[in-house]
**Student:** 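Got a structure for you, written out below as structure tokens; questions coming shortly.
This structure is a prediction, so every number in the text was calculated from the model and none was measured. Letters A, B, ... mirror the listed sequences (proteins, then strands); counts begin at 1.
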2 protein chains.
Amino acid sequence: MAEDREPRFRRRKTARPGEIIAAALEVFAERGFAAARLADIAHRAGVSKAALYLYFPDKDALFRAVVGEAIAPNFVELRVMARAYEGPFAALAPLLLERIARAATTTRLPAVAKMIIGESRNFPQLARVWHDQIVSGAAALVSDLIAEAQARGEIKPGRPRFHAFSLIGPMLMGLLWRETFEPIGAEPIDLAALARQHAATVLSGMLAETGR
Amino acid sequence: MAEDREPRFRRRKTARPGEIIAAALEVFAERGFAAARLADIAHRAGVSKAALYLYFPDKDALFRAVVGEAIAPNFVELRVMARAYEGPFAALAPLLLERIARAATTTRLPAVAKMIIGESRNFPQLARVWHDQIVSGAAALVSDLIAEAQARGEIKPGRPRFHAFSLIGPMLMGLLWRETFEPIGAEPIDLAALARQHAATVLSGMLAETGR
DNA sequence: GCTATTGATGACTTGTGAGTCAGCAGTCGC
DNA sequence: GCGACTGCTGACTCACAAGTCATCAATAGC
């Protein structure tokens with residue numbers, strides 16, 4: 001009776017890494033790098049802690065894998081979208097902000113961003129991975145889009161990098177507000193509405209007179 | 001011979017708390033809350049670890065004291081300055097942004113802000129202290145200034161809170177960039193120049209037509 | 001079926017840092 | 001000067017989490 005009970009574990013060499021990375025993304029996002037327990041990640045992935053070490057040499061390597069496999073692809077997609085867009089900057093910018101607002105509610109990205117910001121001093125190698133794989137590319141993309149729009153006469157003069165900060169900064173602030181203060185009961189913020197009002201405000205300030 | 005050597009320690013009941021708070025601010029700013037070692041704080045304050053517990057019951061209480069004694073007063077001062085200002089919002093806003101840029105280079109405030117953002121999930125009580133003592137007041141101040149400027153017809157309609165994000169967000173982003181990515185060799189950012197360009201851009205977008 | 005291979009485990013070691021405590025040593029009052 | 005008070009210390013305990021290892025058990029190949 002009940003001789004056909006489930007085996008205590010199965011051998012699934014190829015499926016494990018992906019499952020572990022998914023579990024690690026969850027736990028890193030919830031607790032930050034230092035406070036994330038490998039035991040928690042293992043439990044959530046349905047394996048023992050020791051099994052993690054069959055696939056990743058240490059906690060750092062696991063984090064790098066998370067950034068590379070689970071985060072970076074989203075940005076590649078964004079880049080492709082922005083590059084494929086044909087039309088005035090005044091129409092692209094609201095789409096961009098709205099997409100950020102949406103990503104903030106549907107992905108773990110804001111939590112990971114918060115983690116990087118908070119732990120960069122103690123784990124500079126994390127900041128480096130994040131910077132090299134994500135941030136520098138994204139910053140260059142937005143700056144380039146602005147520089148090109150300036151070349152077309154759509155946008156006022158001014159350093160493209162600063163214009164990029166003017167455009168993106170408020171969304172980052174909203175996203176961090178949501179992550180940091182809403183859990184403790186602060187007044188929530190409607191990121192989609194912020195995206196709309198900020199787009200209107202900042203574009204009105206950035207567009208060249210001829211582009212109005 | 002050498003009988004008058006310094007005593008191994010002195011009893012200085014009233015001076016200790018301030019020295020400990022100053023040391024704690026340094027260490028918390030450098031390492032974050034979780035990674036800050038009480039032994040380091042004690043060493044930098046020139047006392048033993050056990051001595052900390054004569055003045056503060058635990059690490060949390062020490063952190064609360066740091067926020068209350070070393071951080072909050074700066075904001076009170078800011079509030080007084082902004083309230084005392086007489087004149088159009090278009091002149092006040094650049095002053096405000098420039099002051100943020102300056103504070104970012106002369107105080108530990110950005111490091112502490114980064115710490116709060118990064119560790120709020122694991123230590124919600126820190127986020128609460130920070131929110132209640134600093135952020136909610138500052139946010140309300142800026143929102144109120146904007147609402148009053150709208151009432152005077154200087155600024156376009158729109159939710160004052162979102163306008164506040166449009167104004168402050170890019171400075172926050174610049175400040176976090178400096179804290180997070182400059183230590184690892186990323187391209188530095190000139191916060192004063194960012195403040196000037198962003199002020200020009202966003203004011204041009206926010207000011208009512210009549211106010212130009 | 002049988003066996004070699006290797007994916008997977010539970011119990012272990014090690015390092016670290018918060019918080020504690022018995023007693024020492026400045027310093028105040030006389 | 002000298003006791004009494006108490007600020008202060010060094011050495012301790014305890015808890016927790018990264019990383020290791022001897023060994024087991026699922027399964028691929030024959």
**Student:** Between atom CE of B:Met171 and atom CG of B:Leu176, what is the distance when rounded to the nearest 0.5 Å?
**Tutor:** 11.0 Å

**Student:** In terms of side-chain heavy atoms of A:Ala51, which of C:dA8, D:dT9, C:dA18 is nearest?
**Tutor:**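 Of the options given, the side chain of A:Ala51 lies nearest C:dA8.
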
**Student:** When rounded to the nearest 0.5 angstrom, what distance separates CG in B:Leu191 from CZ in B:Arg196?
**Tutor:** 11.0 Å

**Student:** Ignoring the backbone of A:Tyr53, work out which of D:dA18, C:dG10, C:dT20 is nearest its side chain.
**Tutor:** D:dA18

**Student:** Using a heavy-atom cut-off of 4.0 Å across all strands, would you classify B:Tyr55 as base, sugar-phosphate, or nothing?
**Tutor:**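 Sugar-phosphate, no base atom in range.
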
**Student:** Tell me what A:Lys49 touches on the nucleic acid: a base, only sugar-phosphate, or nothing, going by heavy atoms under 4.0 Å.
**Tutor:**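 A:Lys49: base contact, heavy atoms under 4.0 Å.
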
**Student:** Measuring to OP1 and OP2 of C:dT9, would you say a side-chain N or O of A:Arg8 lies under 4.0 angstrom away?
**Tutor:** no

**Student:** Looking only at side-chain atoms of B:Ala50, point me to the closest of D:dC21, C:dT27, D:dG10.
**Tutor:**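 Given the options D:dC21, C:dT27, D:dG10, the side chain of B:Ala50 is closest to D:dG10.
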
**Student:** For the pair B:Arg31 and A:Glu119, evaluate salt bridge (Lys or Arg N to Asp or Glu O under 4.0 Å) and give the outcome as yes or no after the intermediate values.
**Tutor:** CA-CA 8 Å; B:Arg31 317 247 313 159; A:Glu119 311 214 51; over 6 Å; no

**Student:** We want to know whether B:Ser166 and A:His198 form a side-chain donor-acceptor pair, criterion being a heavy-atom distance below 3.5 angstrom.
**Tutor:**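 Yes.
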
**Student:** Could you go through the salt bridge (Lys or Arg N to Asp or Glu O under 4.0 Å) check for B:Arg121 and A:Glu30 one step at a time?
**Tutor:** CA-CA 7 Å; B:Arg121 180 92 62 178; A:Glu30 282 172 21; over 6 Å; no

**Student:** What residues from residues 13-47 of chain A pass a heavy-atom cutoff of under 4.0 Å to DNA chain C?
**Tutor:**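 Those residues are A:Lys13, A:Arg16, A:Val47.
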
**Student:** Round to a whole Å and report the spacing from CZ of A:Arg11 to P of D:dG29.
**Tutor:** 11 Å

**Student:** Can you check the A:Phe56 CZ to D:dA18 P distance for me, whole Å?
**Tutor:** 15 Å

**Student:** If the test is ring-ring contact (aromatic ring centres under 6.0 Å, His included), which one of A:Phe123, A:Trp130, A:Phe56, A:Phe28 qualifies with A:Phe63?
**Tutor:** A:Phe28

**Student:** I need the CZ-P distance between A:Arg10 and C:dA8, as an integer number of Å.
**Tutor:**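 The distance from CZ of A:Arg10 to P of C:dA8 comes to 12 Å, rounded to the nearest Å.
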
**Student:** Write down the distance between CG (B:Asn122) and P (D:dC16), rounded to a whole number of angstrom.
**Tutor:** 15 Å

**Student:** Given salt bridge (Lys or Arg N to Asp or Glu O under 4.0 Å), test A:Arg12 with A:Glu19 step by step and report yes or no.
**Tutor:** CA-CA 11 Å; A:Arg12 295 166 55 245; A:Glu19 295 171 1; 2.5 Å; yes

**Student:** Can you figure out which of C:dA8, C:dA18, C:dA25 approaches the side chain of A:Phe9 most closely?
**Tutor:** C:dA8

**Student:** Let's see if you can work this out: which of D:dC8, C:dA25, C:dT20 has an atom nearest to the side-chain heavy atoms of B:Leu54?
**Tutor:**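 Among D:dC8, C:dA25, C:dT20, the one nearest the side chain of B:Leu54 is D:dC8.
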
**Student:** Quick one: A:Leu62 CG to D:dA18 C1', roughly how many Å, whole number?
**Tutor:** 13 Å

